Amino acid sequence: MKELVEVIAKALVDYPEEVAVTETENEKSIVIELRVAQTDMGKVIGKQGRIAKAIRTVVKATAAKSDKKVIVEIVQ
């Protein structure tokens, strides 16, 4: 799932080389942290958070078969 978030984010931003995705997994959940350049933050979040919500929806749909909760965080 880390790769999925990375591919989506790199397609959206102006500085794809600054995209960093980290994945932390425990017993019940997976936390994916997405970091982008400060100037690209708006492109990843979108108007009223629509793009961020869409990324989370795609990742949750992919994770449905693993029976774990997936949290996507966009950090500065």
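All values derive from a computational prediction rather than experimental measurement.
Legend: residues meeting side chain to side chain donor-acceptor pair (under 3.5 Å) with Glu18, ordered by chain and number and at least two apart, are absent. Looking at residues two or more places apart in sequence or on another chain, you find a side chain to side chain contact (heavy atoms under 4.5 Å, CB included) between Leu4 and Ile8, Val58, Val59, Thr62. By the side chain to side chain donor-acceptor pair (under 3.5 Å) test, Lys53 pairs with no residue at all, sequence neighbours left out.
Distance check: Glu33 CD to Thr24 OG1 gives 6.0 Å after rounding to the nearest 0.5 Å. Within the model, atoms CD1 of Ile30 and CD1 of Ile32 stand 6.5 Å from one another, a figure rounded to the nearest 0.5 Å.
Counting non-hydrogen atoms of neighbouring residues, nucleotides and ligands closer than 6.0 angstrom, the CD atom of Glu17 exceeds 12 such neighbours.
Hydrophobic clustering, with ILVMFWY side chains joined whenever heavy atoms are under 4.5 angstrom apart, groups Leu12 together with Met41.
The side chain to side chain donor-acceptor pair (under 3.5 Å) pairs that include a residue from residues 2-15 are Glu6-Lys10, Asp14-Lys43, where partners are two or more places apart or lie in different chains.
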Atom pairs and distances, side-chain donor-acceptor, residues 65-76, under 3.5 Å, sequence neighbours left out:
residue, atom, partner, partner atom, Å
Ser66, OG, Ala63, O, 2.8
Lys68, NZ, Glu25, OE2, 2.5
Lys68, NZ, Asn26, O, 3.3

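The nearest pair of heavy atoms linking Leu34 to Ala9 is CD1-CB, 3.7 Å.
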